[in-house]
Colleague: 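Can you read through this structure? Questions will come right after.
Lettering of chains follows the sequences in order, A, B, ..., and the numbering in each one begins at 1.
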Protein chains: 2
Amino acid sequence: MKYNEAKDKFIQAWGTLAGSWGISRSMAQVHALLLISPDSLSAEEVMEDLKISRGSANMNLRDLIDWGLVFKELVPGERKEFFYAEKDIWKVAKQIINERRKREIEPILALLEELKKVEGNKNDKKHKAFIDTVGNLESVVDKADFALTRAIKLDENALVGALFKLFK
Amino acid sequence: MKYNEAKDKFIQAWGTLAGSWGISRSMAQVHALLLISPDSLSAEEVMEDLKISRGSANMNLRDLIDWGLVFKELVPGERKEFFYAEKDIWKVAKQIINERRKREIEPILALLEELKKVEGNKNDKKHKAFIDTVGNLESVVDKADFALTRAIKLDENALVGALFKLFK
DNA sequence: CATAACTTTCAAAATATATTGAAAGATATT
DNA sequence: AATATCTTTCAATATATTTTGAAAGTTATG
């Protein structure tokens, strides 16, 4: 396989995968491009390379910065901004996990906590099933949140070592 | 909060959350409804309760069965089929993790393995960066796959206990 | 075997999401 | 302070996804 073919496949696949992970396809494609670029790229280069509009390039770069996955760089003597991605994949993974945790797990836990307070007859089958399901769900989500929160505080080797022992 | 309000909020929230997790919104809504129903429901009841079409009710129930989250039940004396959800949330979580692992992680690992074989000059900066990124990505994804595969083989208490020790 | 009861299919329609690009907004340069 | 360079915005448009519902398919019943 030639470099250009491999590059396109990589960007394409990363976009598709991300799509099923709550990250927009083109944001993931921009990310993929920056991940394999040894040098920082300008918005112009990104839009030309991926054949996307100026607006889209700008928005996606912005979103990637919000996610903490991409950084701006100001090159002396150049007017325009350059962008580069965090290359340490473990840091990337931690960053994504933590962002999604904050954006999704925290709100759902707050909601479940609310829903447990539903009024009603304790002898009603439906009411009981509802309380049970919501409570069990909260318990599992809460444990997952706990584990993720701690896991991202470790460095990769510590986590891998610990997991290896755990599952030996 | 009244039962009906809580129920609607739960179904709504579960649908929204699932949307950002690669599961379709209405499949998640049907799932939510069955999760809090003490009794099995017919397709008819699902479509009436959620105000969705017959076709959609059928397709989503089918998909939920494919995901191993919902089962058919044949009630003696009744022509129609009834559906009920797995209520053990830990089992539900394991099932979802494993399905997504199979559907998404396995293909991406196969692709990354392919991409590492890209032809090219080892002294080219771009080529080198590409190989590095793909290799690092494969390593992280592979470790995650390993951990998930093992984790879903444990029962909930064993996993929680082990994680608690790990992160103490 | 004809009819009724129920399930499945799928092309068309509706809805939701992503993308564009031209114009407005910044900021630097002369 | 006028102009050039670059960034951001956002309404319009294009694309993708979901949903519908009527018709076809299937299976049970008398």
Colleague: Atom CD of B:Glu45 and atom C1' of C:dC6: how far apart are they, to the nearest Å?
Modeller: 14 Å
Colleague: More 5' along DNA chain D: A:Ala43 or B:Asn60, using each one's nearest nucleotide?
Modeller: A:Ala43
Colleague: Indicate the ring-plane relationship of B:Phe71 and B:Tyr84, choosing parallel, tilted or perpendicular according to the 30° and 60° boundaries.
Modeller: tilted
Colleague: Taking NZ from A:Lys80 and P from C:dT29, how many angstroms apart are they, rounded to a whole number?
Modeller: 14 Å
Colleague: Is the side chain of B:Lys128 donor-acceptor paired with the backbone N or O of B:Asn121 at a distance under 3.5 Å, no angle test?
Modeller: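 Side chain of B:Lys128 to backbone of B:Asn121: no pair is present.
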Colleague: Just the rounded figure in Å: distance from P of C:dC6 to CD of B:Glu44.
Modeller: 8 Å
Colleague: Go through DNA chain D in 5' to 3' direction and return only the first and the last nucleotide with some atom under 4.0 Å of chain A's heavy atoms.
Modeller: D:dA4 to D:dT9
Colleague: Roughly how many Å is it from NZ in A:Lys72 to C1' in C:dT27, rounded to a whole number?
Modeller: 12 Å
Colleague: Taking atom C1' of C:dT15 as reference, at what distance in whole Å does atom CD of B:Gln29 sit?
Modeller: 14 Å
Colleague: Please work out whether the ring planes of A:Phe164 and B:Phe146 are parallel, tilted or perpendicular, with thresholds of 30° and 60°.
Modeller: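 Plane angle under 30°, so parallel.
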Colleague: Between B:Met59 and A:Arg25, which is nearer to the 5' end of DNA chain C once each is assigned its nearest nucleotide?
Modeller: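 With A:Arg25 and B:Met59 compared, the 5'-side residue is B:Met59.
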Colleague: Within this structure, what is the CZ-CG distance for the pair B:Phe82 and B:Leu61, rounded to the nearest 0.5 Å?
Modeller: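 If I round to the nearest 0.5 Å, the distance is 12.5 Å.
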Colleague: Give the ring-plane orientation class for B:Tyr3 versus A:His127, where under 30° counts as parallel, over 60° as perpendicular and anything between as tilted.
Modeller: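 B:Tyr3 vs A:His127 ring planes: tilted.
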Colleague: Select base, sugar-phosphate, or nothing to describe what A:Ser26 touches, counting heavy atoms under 4.0 Å on all strands.
Modeller: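 Sugar-phosphate only.
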Colleague: Could you give the CG-to-C1' distance, from A:Leu74 to C:dT27, as a whole number of Å?
Modeller: 12 Å
Colleague: From the options C:dT19, C:dA5, C:dT7, select the nucleotide whose nearest atom is closest to the side chain of B:Arg79.
Modeller: C:dA5
Colleague: Between A:Glu114 and B:Lys9, is there a salt bridge with N-O shorter than 4.0 Å?
Modeller: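 Salt bridge absent between B:Lys9 and A:Glu114.
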Colleague: Determine, for B:Arg54 against B:Glu44, whether the closest basic-nitrogen to carboxylate-oxygen distance falls under 4.0 angstrom.
Modeller: yes
Colleague: Rounded off to whole Å, could you give me the CG-to-P distance for the A:Asn58 and C:dA24 pair?
Modeller: 17 Å
Colleague: Whole angstrom is fine here: how far is it from CE in B:Met47 over to P in C:dT8?
Modeller: 14 Å
